[in-house]
2 protein chains.
Amino acid sequence: MVKQHILLAVDNIIFTIVKDKLHVVLIQRAAEPFINAWAIPGGFVHDEETVDEAAYRELAEETNVKNVYLEQLYTFGELNRDPRGRVVSCAYIALIAHKALDLKSGSDAKEVQIFPVDKLPALAFDHKTILSYAIQRLRYKLEYTNVAQYLLPPTFTLTDLQQVYNVVFNKEFDTRNFRKKIDKLDIIKETGETIIRGAHRPAMLYRFKDKKVKIVDII
Amino acid sequence: MVKQHILLAVDNIIFTIVKDKLHVVLIQRAAEPFINAWAIPGGFVHDEETVDEAAYRELAEETNVKNVYLEQLYTFGELNRDPRGRVVSCAYIALIAHKALDLKSGSDAKEVQIFPVDKLPALAFDHKTILSYAIQRLRYKLEYTNVAQYLLPPTFTLTDLQQVYNVVFNKEFDTRNFRKKIDKLDIIKETGETIIRGAHRPAMLYRFKDKKVKIVDII
DNA sequence: CTAATAGTGTCTCTGAGACACTATCTA
DNA sequence: TAGATAGTGTCTCAGAGACACTATTAG
């Protein structure tokens, strides 16, 4: 029907939170172009898989994960993104709890590593642009949905949950107001268990009521 | 580098408001598959143009427009979208004032026509899915940005502006509250001119202060 | 004068944000 | 008992939403 010389790729911006920093998974490229440079993991879409499936497959090849949140971010279609030729990339955001993350480098990467988003190495291709866009979207989504759960283990304390927001928005939310808000939204429930994490009062563990992404005004 | 048999297309969901209904531009297909069926206008991306440019080009081929708002919506990458083969489509939303719309059918269409979104014909491909998604996004964007201006002529009355919101959200906003809100947001200015549209008090004409898309909490 | 739309102000209630102390544990 | 984090309530202010009348025109 048509002659076209465009290749379609997917890129996954994999976010996770470590201590008090938002981190992103990057790979060190093992081949030209941009050999040795750090890049967002991704690859070409196969003929017999959907674009979503391609993103899942590529994600699995880099990180051993289940229960990841994956959401299409944007399609980057500029002309000279890739020196090898015309490549259009459909970017996805993945959210994962740090505990669940178990990185192993795939065939096309020397190394896989997480980096705090405020201390990134130079990135290959237009990956810096993609990443900024991803952070924007992440903030946006945390503001009005319950996807924060995917950055947390299945059970967590209210402090953990607030930490996610503090870190992603890079500010200190007020503990009382934050808890009031969460309480009113009715999106989490107590597990009945507590956890002791030091020489102080133990914290109640909670769980999200609904795994499905719901629109809720959190911030 | 890679063998891939995927074609990349763009589709434009062109919205406009006529009287008290949200409308969308559709073409009647002149070729198989889905010959004679109505479809969202679109086409394949050329090798030497960006995906955005492809969307603009296709848009221009169907509608004689300048000053259109065009925004990438979502990339639809399912396997059997197109019976001819593997086609991934990057969908865009376009907003245009009805006055500015001057449709002419391109080569691959028998007919171009606007339809109210609540009285659509059967649509080809997965275009019904795409359209629902587009309407959702449109509502979303009107809620928190100033893009409503692109559904209006350069100058308009407050009633016109409210009409856009009434129509897109399919409800009657309160005139006083709506105007208070718009006033406080400081996004439009009086032109100083009035317009008479019948046997009643003339209405003040306004203009948006800023063409750039801005985040503002309208609804 | 009638009919039709343009244009305006007040009150109530809810939610956002500022703010400081008690509870519970370990060492 | 000192040190550390968990957990909680009140007040103020701003904004959302409900609500009804006057202004201006043509015919």
Side-chain angles (χ1 to χ4, degrees), chain A residues 17 19-20 139-140 142-146 148 152-153 155-167 169-207 215-219, chain B residues 17 19-20 139-140 142-146 148 152-153 155-167 169-207 215-219:
Chain A
I17 287 175
K19 290 190 63 175
D20 58 348
R139 291 204 176 117
Y140 208 62
L142 285 186
E143 256 186 56
Y144 75 96
T145 72
N146 59 351
L152 289 168
T155 66
F156 52 87
T157 68
L158 289 174
T159 303
D160 294 338
L161 180 57
Q162 193 189 327
Q163 177 75 340
V164 170
Y165 282 87
N166 287 347
V167 160
F169 290 90
N170 203 27
K171 73 183 231 194
E172 288 290 323
F173 288 91
D174 178 88
T175 313
R176 278 165 297 186
N177 294 337
F178 184 81
R179 288 173 185 227
K180 248 186 308 177
K181 194 87 168 268
I182 296 295
D183 189 50
K184 178 162 293 183
L185 289 173
D186 190 38
I187 50 174
I188 63 173
K189 57 175 187 243
E190 292 189 359
T191 61
E193 291 174 359
T194 55
I195 186 172
I196 294 181
R197 282 176 178 166
H200 53 80
R201 177 169 173 177
M204 184 66 76
L205 283 169
Y206 291 83
R207 184 186 296 282
I215 307 293
V216 283
D217 257 326
I218 296 188
I219 303 302
Chain B
I17 287 174
K19 290 191 62 173
D20 57 348
R139 291 205 175 115
Y140 209 60
L142 285 185
E143 257 184 56
Y144 75 96
T145 72
N146 59 352
L152 289 168
T155 66
F156 52 87
T157 67
L158 289 174
T159 303
D160 294 338
L161 180 58
Q162 193 188 328
Q163 177 76 339
V164 170
Y165 281 87
N166 286 347
V167 160
F169 289 91
N170 202 26
K171 74 183 229 194
E172 288 290 323
F173 288 92
D174 178 88
T175 313
R176 278 166 295 187
N177 294 337
F178 183 82
R179 288 172 185 227
K180 250 187 306 178
K181 193 87 168 267
I182 295 297
D183 188 51
K184 178 161 293 184
L185 289 172
D186 191 40
I187 50 175
I188 63 173
K189 58 175 185 244
E190 291 188 1
T191 61
E193 291 174 359
T194 57
I195 186 171
I196 295 181
R197 283 176 179 165
H200 53 80
R201 179 170 174 176
M204 185 64 78
L205 282 170
Y206 291 83
R207 186 185 296 283
I215 307 292
V216 284
D217 258 326
I218 296 188
I219 304 299

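A, B, ... follow the sequence lines: proteins, then strands. Residue 1 opens every chain.
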Rounded off to whole Å, could you give me the [atom1]-to-[atom2] distance for the [X] and [N] pair?
X        : N      : atom1 : atom2 : result
B:Glu193 : C:dA6  : CD    : P     : 17 Å
B:Met204 : D:dA23 : CE    : C1'   : 13 Å
A:Ile195 : D:dT5  : CD1   : P     : 15 Å
A:Asp20  : D:dT5  : CG    : P     : 13 Å
A:Lys171 : C:dG17 : NZ    : C1'   : 10 Å
B:Gln163 : C:dT5  : CD    : P     : 12 Å
B:Arg179 : D:dT22 : CZ    : P     : 18 Å
A:Asp217 : D:dG15 : CG    : C1'   : 14 Å

ring-ring contact (aromatic ring centres under 6.0 Å, His included) partners of residues 175-203 of chain A, not counting sequence neighbours, each pair once: A:Tyr165-A:Phe178
5' priority, DNA chain D, between A:Arg197 and B:Ile219 [closest heavy atom]: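 The residue whose closest nucleotide sits nearer the 5' end is A:Arg197.
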With sequence neighbours excluded, residues passing side chain to side chain donor-acceptor pair (under 3.5 Å) with B:Arg201: none
Which residues share a side chain to side chain donor-acceptor pair (under 3.5 Å) with B:Asp160, sequence neighbours left out: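 Partners of B:Asp160 by the side chain to side chain donor-acceptor pair (under 3.5 Å) criterion, ordered by chain and then number, come out as B:Thr157, B:Arg197.
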Donor-acceptor under 3.5 Å (A:Gln163 side chain, A:Lys19 main chain): yes
Any donor-acceptor N/O pair, A:Glu190 side chain to A:Met204 backbone, under 3.5 Å: no
Pairs meeting criterion side chain to side chain donor-acceptor pair (under 3.5 Å) with involvement of residues 178-187 of chain B, two or more places apart: B:Thr159-B:Arg179, B:Asn177-B:Lys180, B:Asp186-B:Lys209
Test side-chain contact (heavy atoms from CB on, under 4.5 Å) applied to A:Tyr140 - qualifying residues, sequence neighbours left out: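 Partners of A:Tyr140 by the side-chain contact (heavy atoms from CB on, under 4.5 Å) criterion, ordered by chain and then number, come out as A:Tyr144, B:Tyr140, B:Tyr144.
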Presence of B:Lys181 side-chain N/O under 4.0 Å of D:dA16 phosphate oxygens OP1/OP2: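 Answer is yes, contact under 4.0 Å.
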Sugar-phosphate only, base, or nothing, as touched by A:Thr157 at under 4.0 Å among non-hydrogen atoms: nothing
Base versus backbone protein contacts along nucleotides 19-27 of chain C [heavy-atom cut-off under 4.0 Å; B, S, -]: BB--BBBB-
